[in-house]
Peer 1: 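Attaching a single structure in structure tokens format; questions to follow.
These numbers come from a predicted model, not from an experiment.
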Amino acid sequence: MPRWTAASIPNLAGRRAIITGATSGIGLESAIALAGAGAELIITGRNPQKGGTALASIRARHPKANVRFEIANMASLRSIREFAEREVAAPAQIDILMNNAGVFAVPQRRTTEDGFEMQFGVNYLGHFALTAFLVPALLRATAPRVVTISSLAHQQARIDFDNLQSERQYSPLVAYGQSKLADLIFALELQRRAHEARSRLASTAAHPGLATTNIITNVENRTASLAWNFFGPLVAQSAAHGALPGLYAATSADARPGGYYGPDGFREYWGYPAPARIAPQAEDRASAERLWRMSEQVTVPFPALG
């Protein structure tokens with residue numbers, strides 16, 4: 001595959017994109033790139049001040065950018081629902097949904113507004129619910145894409161159905177890995193269901209490799225933060241480079257439905273977008289169906305995709 005960069009993004013004039021968690025890091029860099037390609041953008045977060053700063057950053061690079069900030073707290077099903085209801089009520093379509101927001105290595109078990117373990121709730125369940133709520137607006141588009149950001153951490157993770165919310169035992173990194181494995185399982189299962197429904201919706205996934213972003217530099221887990229501050233500069237690529245696999249999954253004509261993309265370098269740590277390794281546990285159909293049913297039970301029933 002030739003080296004793919006932000007300059008490879010096609011003209012997106014007339015297309016609308018939503019990026020969650022886009023006030024910094026991978027999300028913000030993705031927004032800057034999509035704005036540069038002419039997309040109409042909705043960036044989401046939970047902090048209006050950070051939202052305003054992000055808008056200023058995007059417009060500094062692209063003064064004519066058509067972009068706005070909306071509150072969508074991925075730790076609150078109420079907030080997610082309110083945001084999605086506004087978007088669905090509008091007549092416009094959603095061409096690209098990038099499920100990007102995330103938290104990493106929360107040191108002590110904490111819960112979302114709805115009682116979900118924070119990492120599982122924000123990284124996975126919030127995006128499951130958001131995608132479900134936005135299906136009507138996605139299906140207004142000619143070729144809608146949902147891109148869900150996973151992680152290299154999915155490779156060592158497993159879904160512990162007896163301890164999904166880490167109530168019996170909590171490990172920050174184990175919980176993070178489980179949430180990112182759930183993200184990839186969701187992306188693959190969403191594509192299977194879309195294919196079975198003969199839907200025009202396409203689901204893809206990506207991971208950034210090792211990238212310098214606020215999700216790690218601002219982490220509350222002191223051990224993880226110190227380790228990253230020491231080793232990160234030696235091995236990590238920039239947030240802008242880490243955003244490329246997700247942008248490829250969202251915009252490239254060569255990105256296939258059900259594809260998973262990451263950097264092409266050593267152990268997928270850095271490099272340019274290419275097909276990424278999917279761990280066997282992410283492709284287990286029984287686990288995918290069980291996780292989907294559980295997700296519907298605790299969040300929202302997923303609408304028909306046809």
Side-chain angles (χ1 to χ4, degrees), residues 9-10 12-22 27 30-31 33-35 37-45 66-72 74 77 79-101 123-150 182-206 246-253 255-261 288 292 295-296 299-306:
I9 299 174
L12 299 178
R15 300 184 68 186
R16 297 177 76 243
I18 293 174
I19 309 175
T20 67
S30 297
L34 294 183
E40 177 185 346
L41 281 176
I42 302 99
I43 63 171
T44 78
N66 183 355
V67 57
R68 73 177 194 269
F69 172 78
E70 294 280 347
I71 294 287
M74 303 310 291
L77 290 179
S79 178
I80 294 167
R81 182 182 293 107
E82 290 173 353
F83 165 72
E85 285 176 348
R86 293 193 299 273
E87 292 304 315
V88 171
Q93 83 286 355
I94 298 171
D95 297 280
I96 299 169
L97 170 61
M98 295 189 72
N99 290 324
N100 166 79
N123 298 355
Y124 168 62
L125 287 173
H127 287 117
F128 179 95
L130 177 64
T131 306
F133 284 132
L134 290 177
V135 163
L138 285 161
L139 292 183
R140 293 179 196 144
T142 303
R145 291 194 197 184
V146 176
V147 182
T148 302
I149 303 301
S150 182
D183 279 333
L184 183 52
I185 290 173
F186 166 63
L188 299 177
E189 181 65 13
L190 178 60
Q191 179 54 42
R192 282 191 286 261
R193 290 174 181 249
H195 178 75
E196 291 169 0
R198 297 185 177 181
S199 175
R200 56 185 174 275
L201 182 146
S203 172
T204 58
L247 290 166
Y248 179 90
T251 68
S252 174
R256 64 176 182 83
Y260 179 48
Y261 301 95
W292 190 283
S295 302
E296 288 189 310
T299 61
V300 58
F302 215 91
L305 295 169

Peer 1: Is E70 close to I43 at the side-chain level, that is, under 4.5 Å between some pair of heavy atoms?
Peer 2: no
Peer 1: Cation-pi check, R192 to W292: give yes when NZ or CZ is under 6.0 Å from the six-membered ring centre and within 45° of the ring axis, no otherwise.
Peer 2: no
Peer 1: Does anything in residues 131-143 form a side chain to side chain donor-acceptor pair (under 3.5 Å)? List the pairs, not counting sequence neighbours.
Peer 2: N99-T131
Peer 1: Taking all non-hydrogen atoms of both residues, which atom of A250 and which atom of R145 are closest, and how far apart?
Peer 2: O-CD, 3.4 Å
Peer 1: If we count only N and O atoms by modelled type, under 3.5 Å, do the side chains of H127 and T20 hold a donor and an acceptor together?
Peer 2: yes
Peer 1: May I ask you to check whether Y248 and T204 show a side-chain donor-acceptor distance below 3.5 Å?
Peer 2: no
Peer 1: First locate atom CG of L190, then atom CG of L305, and finally report the distance between them rounded to the nearest 0.5 Å.
Peer 2: 6.0 Å
Peer 1: Can you find a heavy atom in the side chain of S295 that is under 4.5 Å from one in the side chain of L125?
Peer 2: yes
Peer 1: Would you say the ring centroid of F302 lies under 6.0 angstrom from that of F128?
Peer 2: yes
Peer 1: Hey, are the side chains of T251 and R15 touching, using non-hydrogen atoms and a 4.5 Å cut-off?
Peer 2: no
Peer 1: Are the side chains of L130 and M74 in touch, meaning some heavy atoms are under 4.5 Å apart?
Peer 2: yes
Peer 1: Sub-3.5 Å donor-acceptor pair from the side chain of D95 to the main-chain atoms of R16, do we have one?
Peer 2: yes
